[in-house]
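Quick notes on the structure that follows.
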Amino acid sequence: MAYGTDDDGRAARLGDQQIHRASGGETHQRAGDGTGRLTTTQGVPVSDDQNTLRAGERGPGLLEDFHFREKIFHFDHERIPERVVHARGYGAHGYFENYEPLTDITRADIFSEAGLRTPVFTRFSTVAGNKGSGDLARDVRGFATKFYTREGNWDLVGNNIPVFFIQDAIKFPDMVHAAKDEPDRGFPQAQTAHDNFWDFASLTPESTHMLMWIMSDRAIPRSFRFMEGFGVHTFRLVNAAGHSTYVKFHWKPKQGLQSVVWNEAVKINGADPDFHRRDLWDAIGSGDYPEWELGLQLFDDAFADQFEFDVLDPTKIIPEELVPVRPVGQLVLNRVVDNFFAETEQVAFCTQNIVPGIDFTNDPLLQGRNFSYLDTQLKRLGSPNFTQLPVNAPKCPVAHFQQDGHMAMTNPVTRANYEPNSWPAAEGGPREDPVSGFRSYHEEVAGTKRRLRPESFADHYSQAHQFYVSQTAVERRHIADAFTFELSKCEREEIRTRMVAGLRNVDEELAALVAEGLGLRELPAPAEPARQPRHDLPVSPALSILTRQTAMDNPGFAGRKLGVLLTNGADAETLAALRAAAAAEGATVEIIAPAVGGVDVSDGTRVPADQQLDGAPSVLYDAVAIIAESGGARALAARPTARDFVTDAVAHCKFIGYTSGAAVLFEAAGLPTDPSSADDGFISLGEHPAAEFVARCRQLRYWHREFAAAT
Ligand code: HDE
């Protein structure tokens, strides 16, 4: 049977394809000729998009079918190379608002006026996994921001961890090769839990500090919204008089810091591999715009000279307690992309994109990055004109004599395409500006040409120890568990042993816990350190997520998600109270039911579900509540996913609100019928108002449960 409009324009028989065509019209209209008509890329109206042109109804296809050939040709070329690192990512638009003029420190335009708003595009990412990998990989997260300033684009291409694996850019390909999937087998992907990574890491003591961070909960953030960002390197701010101040850049999430636990991360990856991108999309879509404060750690040469580590060494931090982070403005992400490919995929960050008032230092990692990013963008985007793509193009005037090349869209229109030239202004084109043009900081440079790691970079363990002892007991346990998990995936025992030997220089407790977890019969001798580690660096509370959550910047339960599991006959009043309390807190409620059509609650109304139970395990929520009538709970108790819903929420230390009808489900999950009597993380909604339950959720997790289980 043939469908579509035949060549004589006779009315076609209605098939599925035609219905699809009718509903697709609107989408095409946006990009099309304004009439809603489907066209070729040449603008020729298309009569039939369902059938190729053939000689005879059952005959061969014809080469002259330009519409088919163009469509397939374009499809065949849809992909560009994914990023070699940071392939999986998600971006959004927003603005940066400056708090007050910083003209004494920098002449950078974006810091010049109070209240000045600069448009930005931010892309978050994981590092090791391919473009289609899960969001919850244990990994560093990229946090890259392009500021479209009035004096050009500034790219702050940072991570959610303030240090890096290596000290010199020449080691980057080795480090990335070791971390990514093994080349013979092409797996495991998006994880460092394999021999090659730990082989490299255990032979590279400079990576130890970074290993502490990636084995900590920092590497499994609850979402992009709840993580910090760091520029990592020491940069310079330069004022109009040419005076330089060193700076380290920080992003502080106004939503607070939050991570998930590893067992949860593994399950989220299965239940919703897009968990982080969906979270950002949903938050911005609902008007709950995520915000970060930009903070500066500012210091001078005198500080740099007396600081115990080299400020050019990217494996070191400067503790915030030593040099406080000064908040200077805020980033607000308030617009999702119109098109993922055009914006998130094609955005091209380059560390060498700096503007007057900001400058580099000689950090050897930063110097190497300045070469790498431009090179990468040419490979990925295929033309030196990638700067003309809307997401990459500056929003200030651009005038130069670069021309031509693939896809040139904004060639100069003046007669002169060189300079100096003697043509008058209109035909002569732009001129240099020796006064306000970018000038590199006048740094004295001298030295012998050598390949040499400076002696001042030799301490690889002291700050790793400082990081470890700055964590709470729960976090220290998570670090030991993460090392144990990852090293247990290594087939070669000598790699495990070598790593434990390195950890003995970090902390004996940690080394012993990992050795025990790995079942090592005896502790190896400590690795020979290049410099004897110090264990007297003061505890830095700012390094611990949990200390920050409770003491410094507890954000409450705002921006979090409460999953409410309902059964038929569930108490309508309890549900209404819970919704009201969550809304008052700024949290979202998602209704989960045995069927997506919803349930009939006690007042006879139908409550539609947002999620069907099998697709909404409790790992997707920050806290859960079960409002059940006992008959409904009995039916739930027979379903493995309902029992997992409860046991996972318990294992992941979530706060759990419940009505008495849930007793039979608890029993089936191996819990007491009235769990709140033994566990303060359970809150009976019959005995306590919903608002009290939501107030308890402000602590985010009931860690006591995990601690009690471990001891
Ligand atoms: Fe990158 N990095 N990097 N990196 N990096 C890339 O550029 C590189 C490093 C970071 O969302 C690549 O466009 C070298 C540190 C982010 O598009 C590539 C070295 C930090 C992103 C590259 C480093 C980063 C990248 C791959 C060692 C934190 C994603 C695709 C000298 C401060 C940006 C691309 C986005 C991406 C090279 C080390 C952050 C290959 C050579 C340290 C957030 O050019």
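First listed ligand is number 1; within each ligand, the first listed atom is number 1. Here the structure is a predicted model, which is why all the values come from computation and not from measurement.
Between Asp135 and Arg278 no salt bridge is recorded (no basic side-chain N to carboxylate O distance below 4.0 Å). Comment: Glu343 does not engage Arg123 in a salt bridge, judged by the lack of any side-chain N to carboxylate O separation of less than 4.0 angstrom. Classification of Arg225 and Asp279 as a salt-bridged pair holds, one side-chain N sitting under 4.0 Å from a carboxylate O. The pair Asp274-Arg88 counts as a salt bridge, with a side-chain nitrogen and a carboxylate oxygen less than 4.0 angstrom apart.
A ring-centre distance under 6.0 Å is not found for Trp213 and Phe165. Aromatic rings from Trp154 and Phe249 are positioned such that their centres are separated by under 6.0 Å.
Side-chain atoms of Gln549 never come within 3.5 Å of backbone atoms of Ile545 as a donor-acceptor pair (strictly under, hydrogens ignored). Between the side chain of Asp139 and the backbone N or O of Arg141, no donor-acceptor pair lies under 3.5 Å.
Close approach of ligand 1 to Gly158 (heavy-atom distance below 4.0 Å) involves ligand atoms 28 (C), 32 (C), 43 (C). Per-residue contacts place Arg83 under 4.0 angstrom from the following atoms of ligand 1 (heavy atoms of the residue considered): 17 (O), 30 (C), 35 (C). Numbered from 1 in the order shown, with element, the atoms of ligand 1 that lie under 4.0 Å from a heavy atom of Ala169 read 31 (C). Per-residue contacts place Val84 under 4.0 angstrom from the following atoms of ligand 1 (heavy atoms of the residue considered): 40 (C). If you number the atoms of ligand 1 from 1 as listed, the ones under 4.0 Å from a heavy atom of Phe349 come out as 11 (O), 17 (O), 33 (C), 35 (C).
The shortest N or O to N or O distance between Arg123 and ligand 1 is below 3.5 Å.
The minimum heavy-atom distance between Ile317 and Val163, with the atom names listed, is CG2-CG1, 3.6 Å. Between Ser244 and Arg236, the shortest heavy-atom distance links the atoms OG-NH1, 2.7 Å. Of all non-hydrogen atoms in Phe224 and Trp292, the two that sit nearest each other are O-CZ2, 3.2 Å.
For the ligand labelled ligand 1, residue Gln377 lies inside the 4.0 Å heavy-atom shell. Between Pro314 and ligand 1 there is no heavy-atom distance shorter than 4.0 Å.
Only protein N, O or S atoms were considered, and those under 2.8 Å from atom 1 (Fe) of ligand 1 are Tyr373 OH.
At a heavy-atom cutoff of 4.0 Å, ligand 1 is contacted by the side chain of Val232 but not by its backbone.
If you check which protein heavy atom lies closest to atom 40 (C) of ligand 1, you get Thr376 OG1, 3.3 Å.
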